[in-house]
Amino acid sequence: MEVKKSKTLILTEKPSVARDFALALGVKGKKDGYLENDDYIITWAVGHLVELFEPQDYDPKWKKWSMENLPILPSHFHYKPIQKTQKQLKIICRLLSKNTPGQVVIATDAGREGEVIARTILLMGGVPAENLEKSEKTKRFWTSQALTPQVVKAGMDSLKTAGEYDRLWRAGQARQIADWLVGMNGSRSATIKLNDLFSIGRVQTAVLALIADRRRERENFKPEPYWIFKAHFENEKGDWWGAWFKENQTRILSEQDAGAIREKVENRTGHVVSVEKQKKNQAPPLLYSLTDLQRDANSRFGFFAKKTLSIAQALYENKKCLSYPRTEARVLGTQNISLVKKIIDKLSLSYPKTFQNIVPERVNEKYKRVFDDSRLTDHHAIIPLAPLPQQASADEKTIYDLVMKRFAAAFHADCEYEQTNIVTQVETETFHSQGKRILKPGWRTVYGMASEKKAGSEDDTEDENLPPLEKDDPAKVIDTKIEHKETSPPPEYTEALLLKDMTNPARYVAENELKQIYRGDIGLGTQSTRAQIIETLLMRKYVQRQKRYLIALDKGCLLIDTLRGFEKAKILTSAEETARWEMQLNRIAQGEESGQTFLNNIKTFIHDLVDEFKSGKIEPAKAAESSPLVQNPPTTYGKCPRCGGDIIEGKKGYGCSRWRKEDGGCRFVIWKTIAGKKTPKSAVFQLLQNGTTQKIHGFTSKQGKKFSARLKIDLDQENLQSVVFDF
DNA sequence: GCAAGGTC
């Protein structure tokens with residue numbers, strides 16, 4: 001008599017992984033929502049299939065948004081299917097119940113959320129909790145490697161008991177519940193109190209605070225003038241520029257002091273005090289994580305994070321030429337070496353120039369910069385898998401090229417260069433010159449030499465080849481230069497910059513103890529959600545895009561100001577605090593802290609938060625005093641002093657909207673560049689409001705001399721020259 | 001109408 005053999009059911013996080021398993025295990029029978037043969041059933045989730053109840057699912061009174069019904073703190077939390085994917089959930093649940101005698105293998109991604117995705121599905125499928133404990137019935141497949149057939153088979157041969165990952169599941173659940181509590185209670189409190197739809201969340205609010213703070217810092221910034229002095233030297237070996245310095249200081253705080261140095265050294269002859277040569281190696285850049293790719297694509301091509309993600313997704317999913325994009329790793333696993341060799345062989349045919357100088361010894365597990373298992377989590381770095389198909393779009397080619405070149409560069413030799421530091425002295429003044437000479441370009445050949453120059457730092461001494469100088473060589477001063485500069489405010493956030501600060505909140509954290517944050521393991525949001533968080537801030541009208549920049553709007557600043565006015569609630573505006581939160585979740589996953597304690601603390605916080613909103617007074621006057629509420633960047637800059645029309649921004653100037661092509665109309669204009677200096681927007685406001693400005697530095701006269709002056713409006717002048725200097 | 005985390 002034949003007993004029907006029980007099958008092993010494998011649950012993956014997404015269809016593509018199910019395909020990898022099917023290939024490795026030779027499962028070919030395609031069914032609706034799963035694959036099956038005599039030994040295996042392979043089915044898949046589509047990310048999360050299950051979500052937490054909504055407030056009104058616990059109690060109908062929570063349907064209405066009202067202060068008296070807050071806080072929302074259910075005593076137990078329940079899950080329900082996500083509507084969009086309920087069909088697939090039903091299929092999995094049916095398979096689970098049909099397969100009761102067989103084994104279940106959890107093969108969702110190796111991480112906290114992967115665990116949550118699987119556990120919530122098993123919960124809905126009625127898999128008893130005891131099946132997860134020390135049972136042969138439910139197993140966990142765990143690897144961070146790319147799912148080649150060898151990796152899948154090896155993983156299936158070393159399955160763990162699912163119960164070993166309970167702590168990870170608890171950490172994941174704590175994350176979900178904490179985020180839900182903050183979101184529901186915070187959003188409703190703020191919305192009711194401020195009379196407009198406001199959303200609050202652990203990640204979005206901390207990110208919004210970064211952008212709002214940046215706007216305020218820039219608005220409050222007072223530029224300080226300083227001067228840089230440079231001397232041009234010559235002797236029989238050649239000529240070179242040097243920048244004045246004294247101890248660590250290169251800035252000169254008054255024009256008089258700079259002039260005094262000029263007096264002292266002009267036409268004199270000094271000598272070379274020291275020549276230092278250093279050979280340096282620069283390793284190839286690490287492979288791309290999604291955020292790194294989004295940052296590069298944004299700063300080089302202006303792509304939004306969302307756009308880069310969707311292109312990378314298409315190249316992964318449809319064109320099959322990139323690996324899984326939503327990864328935070330910047331390395332590969334040691335088991336990926338044979339895969340890498342195959343890819344290099346394949347791509348060398350399509351892109352021979354890029355791959356011709358690969359160093360074969362670097363395609364080796366000993367090369368830890370690329371192959372490092374200890375720095376892998378769910379997925380390895382983004383790499384090309386195949387050449388780009390012919391029909392790809394231009395944008396797809398752009399993203400593909402970035403990834404393909406990074407990949408090629410990773411297996412090239414280091415770039416070797418020689419750095420020379422020279423100090424020249426004239427009288428008692430010292431000057432610094434730095435030269436850089438590339439000895440072996442190494443990986444830089446992949447990018448061509450043009451991209452080698454870094455963004456110029458402010459004291460960019462001539463970064464070129466210096467003459468072959470030696471100590472005590474004479475140095476005659478043949479020219480000098482005084483450069484007028486101004487300290488500049490922190491830059492406006494581009495997406496690239498914001499993604500960087502989201503990945504690495506370390507700069508906001510003072511204490512060294514938070515080592516994980518320093519290692520970059522912890523950030524605001526995750527690879528999969530960062531682009532989406534930015535979109536949420538835009539959708540809520542907290543933030544606005546202006547060209548490449550993300551600028552906080554009044555609504556966003558108001559929320560941050562309001563939260564900062566509360567003792568407890570203000571921690572939501574701190575990247576540091578939310579990073580600590582994330583660390584506690586890690587401790588739960590490690591078994592060093594209990595999820596219950598964590599959630600109790602969160603509940604206390606929720607009580608405080610709601611109380612603060614309930615009793616807190618929002619006094620606009622007081623808020624304005626402590627931190628002035630800022631105005632939205634306006635579309636009009638003020639009234640035309642000549643005709644009273646609106647002043648609007650044009651291409652070359654801020655002009656009167658009553659200007660007309662046909663008959664001229666009013667032609668009042670404040671030019672965007674005046675005497676070689678970009679006109680600051682603050683000056684435009686001042687001119688239109690007061691008719692004059694503060695003293696502005698950095699103008700250049702027709703004779704090439706730098707000067708400072710106020711600007712003022714003189715209506716006796718012609719329309720196009722209504723703005724004049726006031727000395 | 002509210003979060004953040006997945007995936008498509």
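Note that the structure is a prediction, hence the values are computed from the model and not measured.
Computed from coordinates, the A:M184 CE to B:dG1 C1' distance equals 10 Å when rounded to whole Å. B:dC8 atom P lies 20 Å from atom CD of A:Q83, rounded to whole Å. One interatomic measurement links the two molecules: NZ of A:K84 to P of B:dC8, which rounds to 12 Å at whole-angstrom precision. If you take CD1 of A:I177 and P of B:dA3, they are 17 Å apart, rounded to a whole angstrom. Regarding A:R19, its CZ atom lies at a distance of 14 Å from the P atom of B:dT7, rounded to whole Å. Rounded to whole Å, atom P of B:dC2 lies 17 Å from atom CZ of A:F613. Distance, A:I82 CD1 to B:dA3 C1': 13 Å, rounded to whole Å. The interatomic distance linking A:Q527 (CD) with B:dT7 (P) rounds to 11 Å, in whole Å.
Between A:E115 and A:R140, at least one side-chain N (NZ, or NE/NH1/NH2) sits under 4.0 Å from a carboxylate O, which counts as a salt bridge.
Residue A:R175 has no polar side-chain atom (N or O) positioned under 4.0 Å from OP1 or OP2 of B:dA3. A sub-4.0 Å separation between OP1 or OP2 of B:dG6 and a side-chain N or O of A:T526 is present. Contact check, A:Q176 against B:dA3: no side-chain N or O comes under 4.0 Å of OP1 or OP2. Contact between the side-chain N/O atoms of A:S528 and the OP1/OP2 oxygens of B:dT7 is found at a separation under 4.0 Å. A close approach under 4.0 Å does not occur between any side-chain nitrogen or oxygen of A:R326 and OP1 or OP2 of B:dG6. Of the side-chain N and O atoms in A:T529, none sit less than 4.0 angstrom from OP1 or OP2 of B:dA4. Distances shorter than 4.0 Å separate some side-chain N or O of A:Q204 from OP1 or OP2 on B:dA3. Between A:Y316 and B:dT7 there is no side-chain N or O to OP1 or OP2 distance below 4.0 Å. At B:dC8, one or more side-chain N or O atoms of A:Q313 fall inside 4.0 Å of OP1 or OP2 (strictly under the cut-off).
Nucleic acid contact for A:T108: none, since no nucleic acid atom lies under 4.0 Å from a heavy atom of the residue. Nucleic acid contact for A:V203: sugar-phosphate only, since backbone atoms but no base atoms lie under 4.0 Å from a heavy atom of the residue. Residue contacts for A:P55: at a heavy-atom cut-off of 4.0 Å it reaches a base atom on one of the strands shown. If you check every strand for non-hydrogen atoms under 4.0 Å, A:N185 touches nothing. Nucleic acid contact class of A:R540 (heavy atoms, under 4.0 Å, all strands): sugar-phosphate only. At a threshold of 4.0 angstrom between heavy atoms, the contacts of A:G525 are confined to the sugar-phosphate backbone, with no base atom among them. Across all strands, A:E51 comes closer than 4.0 Å to no nucleic acid atom at all (heavy-atom distances). Note on A:L49: nothing from the nucleic acid sits closer than 4.0 angstrom, heavy atoms only.
B:dA3 has no stacking from A:W180 on its base ring, since the centres under 5.5 angstrom apart and planes within 30 degrees of parallel are not both found.
A donor-acceptor pair is defined here as one N or O able to donate and one able to accept, closer than 3.5 Å; no such pair exists between the side chain of A:R188 and the backbone of A:M67.
Residue A:S187 has its side chain nearest to B:dA3 when only B:dG1, B:dT7, B:dA3 are considered. The A:E13 side chain lies nearest to B:dG6 when the options are B:dA3, B:dA4, B:dG6. Residue A:V46 has its side chain nearest to B:dT7 when only B:dT7, B:dC2, B:dA3 are considered.
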Between A:Q86 and A:Q83, does a side-chain hydrogen bond (donor to acceptor under 3.5 Å, both in side chains) hold up when you go through it step by step?
CA-CA 5 Å; A:Q86 56 176 331; A:Q83 286 295 316; 3.1 Å; yes
Would you check, one step at a time, whether the test ring pair (Phe, Tyr, Trp, His ring centres under 6.0 Å) holds for A:F21 with A:F141?
CA-CA 11 Å; A:F21 272 78; A:F141 173 97; 4.8 Å; yes
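Within 6.0 Å of the NZ atom in A:K614, the count of heavy atoms belonging to other residues, nucleotides or ligands exceeds 12.
In terms of position along DNA chain B, the nucleotide closest to A:I72 lies nearer the 5' end than the nucleotide closest to the other residue of the pair A:I72 and A:H48. Between A:P15 and A:D196, the residue anchored closer to the 5' end of DNA chain B is A:D196, taking for each the nucleotide with the nearest heavy atom.
Between A:R564 and A:A209, the shortest heavy-atom contact is NH2-CB, 3.8 Å. Minimum heavy-atom separation, A:K63 to A:W65: O-CD1, 3.5 Å.
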